[in-house]
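Presented below is the structure to which this report refers.
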Amino acid sequence: MIASIQGTVTALAPDAAVIEVGGFGVSVQCGPGTLAALRVGETARLATSLVVREESLTLHGFADDDERQTFELLQTASGVGPRLAQAMLAVHAPDALRAAVATGDEKALTAVPGIGRKGAQKLLLELKDRLGAPTGGQVRAPAAARGPAPWQEQLHGALVGLGYAPREADEAVTAVTPRAEEEQAAGRTPETGVLLRAALQSLGRPR
């Protein structure tokens, strides 16, 4: 198992990063929150999980070990593959998922693209004794970027990378813009990961 990777970020895509290690460029599939904290040309360390399929080997990267462990535990539920597990972690931090499962919060799970009401009910039953109790940690934002980040472009690209139409991504960016403006007015840089979770939740609400 490849538990982590560290090296220079040489390229970024909506759903992956390329990290150079020992002269080799390694493609790592990442959630939008993790990608938002990476910068081309800078050194990064990601916790990783290797998904082995008959036709492929795919390395998934995460901001920390808690995300990686949660990613792997989520896949022990029937019907949850790497893609859906990544989507769940894009919407909710690990401790938020633990809290949702512990309290039977069906609405929190249906906020994830690809999970309907019946699927959420099934996941709550299957994951109840697997994720563990919430640790009480706050919802984590990605590591702070150095200097102001173009959060609107990052957020839009992340949503499109998750499968949303550009029009839907535009609507979600508009929905969270007031929140970002409040952060900027207070002298803080908007955290893309926090805004992404808010955007996904707005898209998940009934229209």
Side-chain angles (χ1 to χ4, degrees), residues 1-77 79-98 112-115 131 137 139-147 149-164 169 189-197 199-200:
M1 176 181 175
I2 302 174
S4 66
I5 186 170
Q6 181 169 327
T8 302
V9 179
T10 59
L12 292 172
D15 61 353
V18 177
I19 297 180
E20 184 174 331
V21 181
F24 293 91
V26 182
S27 178
V28 187
Q29 297 291 307
C30 302
T34 300
L35 288 169
L38 303 179
R39 296 290 180 272
V40 173
E42 295 187 3
T43 298
R45 180 192 180 280
L46 299 175
T48 57
S49 178
L50 181 63
V51 175
V52 180
R53 295 286 185 267
E54 185 175 342
E55 70 285 357
S56 65
L57 296 173
T58 306
L59 194 63
H60 292 262
F62 307 92
D64 55 38
D65 292 335
D66 190 20
E67 276 195 1
R68 177 190 63 200
Q69 183 178 22
T70 303
F71 171 78
E72 294 171 348
L73 288 172
L74 289 171
Q75 292 178 78
T76 63
V80 178
R83 186 179 182 85
L84 183 56
Q86 281 275 31
M88 293 173 76
L89 286 166
V91 178
H92 300 295
D95 209 46
L97 283 172
R98 287 190 284 266
V112 178
I115 299 180
L131 291 188
V139 174
R140 208 179 47 260
R146 294 183 179 91
W151 69 267
Q152 287 181 313
E153 290 182 10
Q154 290 178 346
L155 185 56
H156 190 278
L159 290 166
V160 172
L162 283 172
Y164 286 100
T189 301
E191 297 284 359
T192 308
V194 173
L195 293 174
L196 175 64
R197 290 188 177 106
L200 288 170

Gap between atom [atom2] of [Y] and atom [atom1] of [X] - 0.5 Å precision:
X      : Y      : atom1 : atom2 : result
Arg197 : Leu200 : CZ    : CG    : 9.5 Å
Arg83  : Gln29  : CZ    : CD    : 9.5 Å
His60  : Leu46  : NE2   : CG    : 13.0 Å
Leu84  : Ile115 : CG    : CD1   : 4.5 Å
Leu195 : Leu155 : CG    : CG    : 6.5 Å
Leu59  : Cys30  : CG    : SG    : 8.5 Å

Take atom CD in Glu54; do more than 12 heavy atoms of anything else shown fall under 6.0 Å from it?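 Counting other residues, nucleotides and ligands, CD of Glu54 stays at 12 neighbours or fewer.
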Of all the heavy-atom pairs spanning [X] and [Y], show the shortest one and how long it is.
X      : Y      : answer
Leu12  : Ala17  : CD2-CB, 3.7 Å
Asp65  : Ala47  : OD1-CB, 3.4 Å
Ala44  : Val9   : CB-CG2, 3.8 Å
Leu159 : Ala199 : CD1-CB, 4.3 Å
Pro32  : Leu196 : CG-CD2, 3.0 Å
Thr10  : Val40  : O-CG1, 3.8 Å

From CA spacing to verdict: side chain to side chain contact (heavy atoms under 4.5 Å, CB included), Arg53, Thr58: CA-CA 8 Å; Arg53 295 286 185 267; Thr58 306; over 6 Å; no
Of Leu131, Thr70, Leu74, which is the lone residue that meets side chain to side chain contact (heavy atoms under 4.5 Å, CB included) with Pro94?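 Of the listed options, the one satisfying the test is Thr70.
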Determine whether the side chains of Ser49 and Glu72 contain a donor N or O and an acceptor N or O closer than 3.5 Å.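 There is such a pair (donor and acceptor under 3.5 Å, judged by atom type) between the side chains of Ser49 and Glu72.
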[X] side chain vs [Y] backbone, donor-acceptor pair below 3.5 Å:
X     : Y     : answer
Arg39 : Ala36 : yes
Gln75 : Phe71 : yes
Thr34 : Phe62 : no
Arg68 : Ala3  : yes
Thr48 : Ile2  : yes

Quick one: do Val91 and Leu97 satisfy side chain to side chain contact (heavy atoms under 4.5 Å, CB included)? Show the steps, please. CA-CA 9 Å; Val91 178; Leu97 283 172; over 6 Å; no
Audit row: Leu162, Asp15, side chain to side chain contact (heavy atoms under 4.5 Å, CB included) steps and yes/no: CA-CA 8 Å; Leu162 283 172; Asp15 61 353; over 6 Å; no
